[in-house]
Amino acid sequence: MFKLKQLKIEDIKIMKIFHDWKSNELEFEKYTCRPIGSKDTFDEYVHTMNEIFKRGIKTYYLEDSGNNILGKITMFDLNPRNRSAEFGYYFPKENRGKGYGDKLVKLFIDEVFSHVDFDLNKIYATTASGNVGSIKLLEKNRFHLDGVMREHYWMNDTIEDQLCYSLLKREWKNVD
């Protein structure tokens, strides 16, 4: 049994887990398109998370029946006018390739499209063209490839396209 839980400002122990994942990731540049700076101390990370909470960004995590935290997903760039939001997910190395991503994304989709306060029509995610696992996960969950930003990600000595995928609420409602 898996549960999707929303991270709260008082969840310091869970923030510590997230901080450790980020600090221990050896190939972080493969899992974000954001600039990569020096690694934050835990106090800096908590401060950043508090700022994120103030901006209304929502982070959820997948928990198994043994209360183990398996991965996280964050909804950001919530645009009430366009009724859309972007999201991104992360799993530490030991939790990749085990089907947890599919569980997390399905629960997340149900949560955000059912949430009256969000009133979303579309959710979307971007990924590098070389991130085969992420592409498979999005396509398995019926996300549509909307576009390609050519040569958008620079990772060490390679360059990859950015793929933008989306799912509309009406498509979610029609899932078998």
Side-chain angles (χ1 to χ4, degrees), residues 1-7 14 17-22 24-34 36 52 57-79 83-115 118 120-156 158-176:
M1 181 67 165
F2 296 94
K3 295 179 276 189
L4 183 73
K5 293 190 168 182
Q6 185 174 342
L7 183 68
I14 296 167
I17 292 169
F18 293 168
H19 176 262
D20 290 349
W21 287 352
K22 188 174 181 180
N24 295 329
E25 179 59 61
L26 299 176
E27 299 180 306
F28 195 68
E29 73 280 351
K30 289 184 178 180
Y31 305 105
T32 184
C33 64
R34 307 289 185 231
I36 299 171
I52 286 171
I57 294 173
K58 307 290 185 205
T59 297
Y60 301 86
Y61 56 93
L62 184 67
E63 185 177 85
D64 68 11
S65 57
N67 298 323
N68 298 303
I69 311 295
L70 305 171
K72 70 175 186 163
I73 193 164
T74 301
M75 181 177 70
F76 52 97
D77 289 342
L78 179 62
N79 186 325
R83 298 177 57 205
S84 65
E86 185 172 359
F87 70 95
Y89 39 82
Y90 178 80
F91 287 88
K93 187 174 184 175
E94 64 270 14
N95 292 341
R96 295 179 197 147
K98 296 181 178 181
Y100 299 144
D102 190 48
K103 303 276 188 212
L104 177 65
V105 169
K106 280 182 179 8
L107 289 168
F108 173 77
I109 293 168
D110 289 346
E111 169 68 20
V112 299
F113 278 146
S114 299
H115 202 289
F118 297 151
L120 293 175
N121 179 58
K122 176 173 77 172
I123 55 174
Y124 61 96
T126 64
T127 190
S129 56
N131 190 339
V132 176
S134 188
I135 293 167
K136 285 181 179 180
L137 177 61
L138 292 167
E139 290 178 352
K140 181 178 181 180
N141 283 281
R142 301 183 60 190
F143 280 77
H144 174 80
L145 177 62
D146 290 337
V148 177
M149 291 184 66
R150 299 175 305 141
E151 297 186 2
H152 191 73
Y153 290 127
W154 288 85
M155 291 181 264
N156 298 324
T158 63
I159 187 166
E160 295 184 20
D161 296 339
Q162 179 186 48
L163 308 179
C164 183
Y165 284 87
S166 72
L167 181 70
L168 303 176
K169 187 172 188 173
R170 66 178 149 75
E171 296 166 334
W172 163 75
K173 285 183 175 181
N174 293 325
V175 172
D176 300 330

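Each residue takes its place number in the sequence, starting with 1. Just so it is clear, the structure is predicted and the values come from calculations on it, not from any experiment.
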Evaluate side chain to side chain contact (heavy atoms under 4.5 Å, CB included) for Phe87 paired with Val112, printing each intermediate quantity in order.
CA-CA 11 Å; Phe87 70 95; Val112 299; over 6 Å; no
Can Trp21 and Ile69 be said to form a side chain to side chain contact (heavy atoms under 4.5 Å, CB included), step by step?
CA-CA 11 Å; Trp21 287 352; Ile69 311 295; 3.8 Å; yes
What do the steps show when you test Gln162 against Tyr153 for side-chain hydrogen bond (donor to acceptor under 3.5 Å, both in side chains), and what is the final call?
CA-CA 7 Å; Gln162 179 186 48; Tyr153 290 127; 3.1 Å; yes
Might you work through the side-chain hydrogen bond (donor to acceptor under 3.5 Å, both in side chains) test for Thr74 and Tyr90, ending with a clear yes or no?
CA-CA 9 Å; Thr74 301; Tyr90 178 80; over 6 Å; no
Applying side chain to side chain contact (heavy atoms under 4.5 Å, CB included), run through Tyr89 and Phe108 and close with a yes or a no.
CA-CA 10 Å; Tyr89 39 82; Phe108 173 77; over 6 Å; no
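Side-chain atoms of Asn24 come within 3.5 Å of backbone N or O of Asp20 as a donor-acceptor pair.
Shortest non-hydrogen contact noted between Lys103 and Leu62 is CB-CD2, 4.1 Å. Across every non-hydrogen atom of Ala85 and Met75, the tightest pair is CB-CG, 3.6 Å. Nearest heavy-atom pair, Leu70 versus Phe2, reported as atom, atom and distance to 0.1 Å: CD1-CE2, 3.5 Å. Residues Arg142 and Leu167 share a closest heavy-atom pair of O-CD1, 3.3 Å. The minimum heavy-atom distance between Leu137 and Asn141, with the atom names listed, is O-ND2, 3.0 Å. Across all their heavy atoms, Phe143 and Val105 have their closest contact at CE1-CG1, 4.3 Å.
Using a 4.5 Å heavy-atom threshold, the side chains of Lys3 and Asn67 count as touching. In this structure, Tyr60 and Leu107 have side chains that are not in contact, with every pair of non-hydrogen atoms separated by 4.5 Å or more. Contact annotation: the side chain of Leu138 never approaches that of Leu145 to less than 4.5 Å [non-hydrogen atoms, C-beta and beyond]. Inter-residue side-chain proximity for Asp161 and Glu151 is flagged as met; some heavy-atom pair is nearer than 4.5 Å.
The aromatic rings of Trp172 and Phe113 sit tilted relative to each other, their planes meeting at an angle between 30° and 60°. Between His115 and Phe118, the ring planes are parallel. Angles under 30° get that label, and only those over 60° would be called perpendicular.
Partners of His144 under the ring pair (Phe, Tyr, Trp, His ring centres under 6.0 Å) rule, at least two apart in sequence or in another chain, do not exist in this structure. For Asn121, there are no side chain to side chain donor-acceptor pair (under 3.5 Å) partners two or more places apart in sequence or in a different chain. Residues meeting the side chain to side chain donor-acceptor pair (under 3.5 Å) test with Ser84, sequence neighbours left out: none.
Between Tyr165 atom OH and Thr126 atom OG1 the span is 11.0 Å, to the nearest 0.5 Å. Once rounded to the nearest 0.5 Å, the distance linking CD1 of Ile109 with CG of Leu120 reads 12.0 Å. We find the NZ-CD1 distance between Lys5 and Ile14 to be 7.0 Å, quoted to the nearest 0.5 Å. Atom CD of Glu63 is separated from atom CG of Leu4 by 10.5 Å, given to the nearest 0.5 angstrom. Atoms OH and CD, on Tyr61 and Gln6 in that order, are 9.5 Å from each other to the nearest 0.5 Å. Between the NZ atom in Lys72 and the CD1 atom in Ile17 there is a gap of 11.5 Å [rounded to 0.5 Å].
Environment of NZ in Lys98: crowded, with over 12 heavy atoms of neighbouring residues, nucleotides or ligands closer than 6.0 Å.
A salt bridge links Asp102 to Lys106: one of the charged nitrogens lies within less than 4.0 Å of a carboxylate oxygen.
Taking the ring axis of Tyr124 as reference, the NZ or CZ atom of Lys122 stays within 45° of it and closer than 6.0 Å to the ring centre.
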